Number of protein chains: 2
Amino acid sequence: MKRTGFSEADCPVARALDAIGDWWSLLIVRDAFDGLRRFGDFQKNLGIAKGMLSTRLRKLVELDVLELVPASDGSAYQEYALTRRGRDLFPVIVGLRQWGEAHLYARGEAHSDLVDQTGQPVGPLVLPSRTGRPLTWSDTKVRKVGARKR
Amino acid sequence: MKRTGFSEADCPVARALDAIGDWWSLLIVRDAFDGLRRFGDFQKNLGIAKGMLSTRLRKLVELDVLELVPASDGSAYQEYALTRRGRDLFPVIVGLRQWGEAHLYARGEAHSDLVDQTGQPVGPLVLPSRTGRPLTWSDTKVRKVGARKR
DNA sequence: GCAACTGGTCCTATTATAAGACCAAAGGAA
DNA sequence: TTCCTTTGGTCTTATAATAGGACCAGTTGC
């Protein structure tokens, strides 16, 4: 009765969710994008139990989403920094953010906002075709691969 | 000791994950994008326990991500169809897919693939500024909102 | 030198998930 | 019409994950 796993799935969505689709990992990554780097900072900001955080951080380091680096303030402590693989999660976080903004807030309700360096709100994510034309859901399909299911 | 909730969060990422960030919801939505609509189809394709699926589908309908519609084959059964809100999750699914493809498969390992109607693979998601310039993580920041935390 | 801070580990109570038995309504074949 | 199968669930039970907090060693600040 182990929790169902998808680390062997043919579908990259399933494999991605298997890796980072738990209750905390993406929130930790979001905080990392916001500049948080220390164990205590994540713990305070998320209100997560320390044991949980410890487990999650260890897994994220294992996955090479975060890495341990010497603390930037010169102390003997270490910090958790986003790797290339972690930074590549940016579109996922932005996608969740934009969906949440659009559908989960009452009109006028306050929420944090993603802006560029001039302070302008960013536009919606775009999925381009090879030729640069923007695609929506109905313009695409999944090309199945042979062999085993799930 | 209830599972921590974020339905009141100021951060849209947290609120989105609170709604659909569990182990199954996004996989169900992915299957819905792939054309699955019936209880039994989801159950067979995901290998999920029926009780779990029942709970998840009920929640997704409550959230207005899916809706119950009369079966398209004219039978007395019902089907689960994506709503507008559900279709708006497309970029999130694509983001997960592209991250998974890029980082979770060995070179040459088989995986399913997202293509446009001509069969061409799609390009990577792009986050444009208001003026259309593509933005990366380091070009953006989160504008915090006042008041309460989490 | 000592108190407080940091970054954990470990234990316990509670909640969620997995697996499958069970069931009622609908559909299909004879 | 009758009986069997399919569909779409519910319910129960065992196991796994999470929340909360006690505890602890090494580091830092005073």
Side-chain angles (χ1 to χ4, degrees), chain A residues 1-9 14 17-28 31-32 36-63 66-81 149-150, chain B residues 1-9 14 17-28 31-32 36-63 66-81 149-150:
Chain A
M1 294 184 182
K2 207 172 187 170
R3 172 170 287 181
T4 311
F6 293 99
S7 56
E8 302 300 311
L17 287 171
D18 187 76
I20 52 158
D22 61 87
W23 278 100
W24 288 110
S25 293
L26 282 174
L27 285 170
I28 294 169
D31 275 1
L36 270 58
R37 299 170 67 94
R38 299 277 287 250
F39 186 96
D41 295 334
F42 290 113
Q43 205 258 317
K44 247 175 295 178
N45 192 55
L46 292 170
I48 184 178
K50 293 167 90 176
M52 258 301 89
L53 179 57
S54 183
T55 304
R56 289 289 166 256
L57 287 172
R58 192 166 23 242
K59 184 173 177 200
L60 288 170
V61 168
E62 239 171 60
L63 279 170
L66 298 177
E67 61 182 342
L68 275 167
V69 299
S72 48
D73 62 2
S75 73
Y77 296 113
Q78 290 191 293
E79 296 181 343
Y80 294 90
K149 262 290 186 175
R150 292 226 320 275
Chain B
M1 292 185 184
K2 205 172 188 170
R3 173 169 285 181
T4 312
F6 293 99
S7 57
E8 302 299 310
L17 287 170
D18 187 75
I20 51 157
D22 61 86
W23 277 98
W24 289 110
S25 293
L26 283 175
L27 285 170
I28 293 169
D31 275 1
L36 270 58
R37 296 169 70 94
R38 300 277 285 251
F39 186 96
D41 295 334
F42 290 114
Q43 206 258 314
K44 245 174 297 176
N45 192 55
L46 291 170
I48 183 176
K50 293 166 92 176
M52 256 304 87
L53 179 58
S54 182
T55 305
R56 287 289 166 257
L57 286 173
R58 194 165 23 242
K59 185 174 176 198
L60 288 170
V61 169
E62 238 170 61
L63 279 170
L66 299 176
E67 61 183 341
L68 274 167
V69 299
S72 50
D73 62 2
S75 73
Y77 296 113
Q78 289 190 296
E79 296 181 343
Y80 294 90
K149 260 294 186 172
R150 294 227 321 273

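In the text below, chain A, chain B and the rest are named by the order of the sequence lines, each starting its count at 1. Values reported hereafter were calculated over all heavy atoms of this structure, with side chains retained and with hydrogens, waters and symmetry mates removed. Bear in mind that the values here come from a model prediction, so they are computed numbers and not experimental data.
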Margin query: What is the separation between atom CZ on A:Phe39 and atom P on D:dT27, rounded to the nearest whole Å?
Written below: 17 Å

Check: Closer to the 5' end of DNA chain D via nearest nucleotide, is it B:Asp41 or B:Gly51?
Finding: B:Asp41

Margin query: Please determine whether a side-chain nitrogen or oxygen atom of B:Ser54 lies at a distance below 4.0 Å from atom OP1 or OP2 of D:dT10.
Written below: yes

Notebook entry, point to check: Under 4.5 Å between any side-chain heavy atoms of A:Thr4 and B:Trp24, yes or no?
Noted result: yes

Checklist line | Exam field: side chain A:Ser54 to backbone A:Lys50, donor-acceptor pair closer than 3.5 Å | finding: no

Check: Any side-chain N or O of A:Tyr80 under 4.0 Å from OP1/OP2 of C:dT6?
Finding: no

Checklist line | Minimum side-chain heavy-atom gap B:Leu66-B:Ile28 below 4.5 Å | finding: yes

Next item on the list: Check the distance between D:dT7's C1' and B:Leu57's CG and give it to me in whole angstrom.
Entry: 14 Å

Item checked: Heavy-atom check, side chain of B:Leu27 versus side chain of A:Phe6, under 4.5 Å -> yes

Notebook entry, point to check: What's the CH2-P distance between A:Trp23 and D:dG20, to the nearest Å?
Noted result: 14 Å

Next item on the list: Would you indicate which nucleotide in D:dG9, D:dT18, D:dT27 comes nearest to any side-chain atom of B:Lys50?
Entry: D:dG9

Check: Quick one: A:Glu79 CD to C:dT6 P, roughly how many Å, whole number?
Finding: 13 Å

Margin query: When you measure from the side-chain N and O atoms of B:Arg58 to the phosphate of D:dT10, is any distance below 4.0 Å, counting only OP1 and OP2?
Written below: yes

Margin query: C:dA16, OP1 or OP2 - any side-chain N/O from B:Trp24 closer than 4.0 Å?
Written below: no

Note to self: Nearest to the B:Ala49 side chain among D:dA19, C:dT6, C:dA18, which nucleotide is it?
What the structure shows: C:dA18

Margin query: Just the rounded figure in Å: distance from C1' of D:dG9 to CD of B:Gln78.
Written below: 12 Å

Checklist line | Polar pair under 3.5 Å, donor/acceptor by atom type, side chain A:Tyr77, base D:dG26 | finding: yes

Checklist line | Whole-Å gap separating P (D:dT18) and CG (B:Asp22) | finding: 12 Å

Next item on the list: Grab the CE-P distance between A:Met52 and C:dG8 for me, whole Å please.
Entry: 15 Å

Check: Using the C1' atoms of the five pairs at each end, what is the angle between the end axes of the helix from C:dG1-D:dC30 to C:dA30-D:dT1, to 10°?
Finding: 30°

Next item on the list: Provide the closest heavy-atom pair for B:Ser25 versus B:Ile20 in the form atom of the first, atom of the second, distance.
Entry: CB-O, 3.7 Å

Margin query: Just the rounded figure in Å: distance from P of D:dT6 to CG of B:Asp73.
Written below: 16 Å

Item checked: Touch class at under 4.0 angstrom, heavy-atom based, for B:Ser75 against every strand present -> sugar-phosphate

Notebook entry, point to check: So do the side chains of A:Phe42 and A:Ile48 get within less than 4.5 Å of each other, counting heavy atoms only?
Noted result: no

Check: What heavy-atom pair brings B:Leu57 and B:Phe39 nearest, and what distance separates the two atoms?
Finding: CD1-CD1, 3.6 Å

Check: Considering all heavy atoms of both residues, which atom of B:Gln78 and which atom of B:Arg38 are nearest to each other, and what is their separation?
Finding: O-CD, 3.8 Å

Notebook entry, point to check: For C:dC5, does either OP1 or OP2 sit under 4.0 Å from a side-chain N or O belonging to A:Arg38?
Noted result: no

Check: Picking from C:dG27, D:dG9, C:dA16, which would you name as closest to the side chain of B:Arg3?
Finding: C:dA16

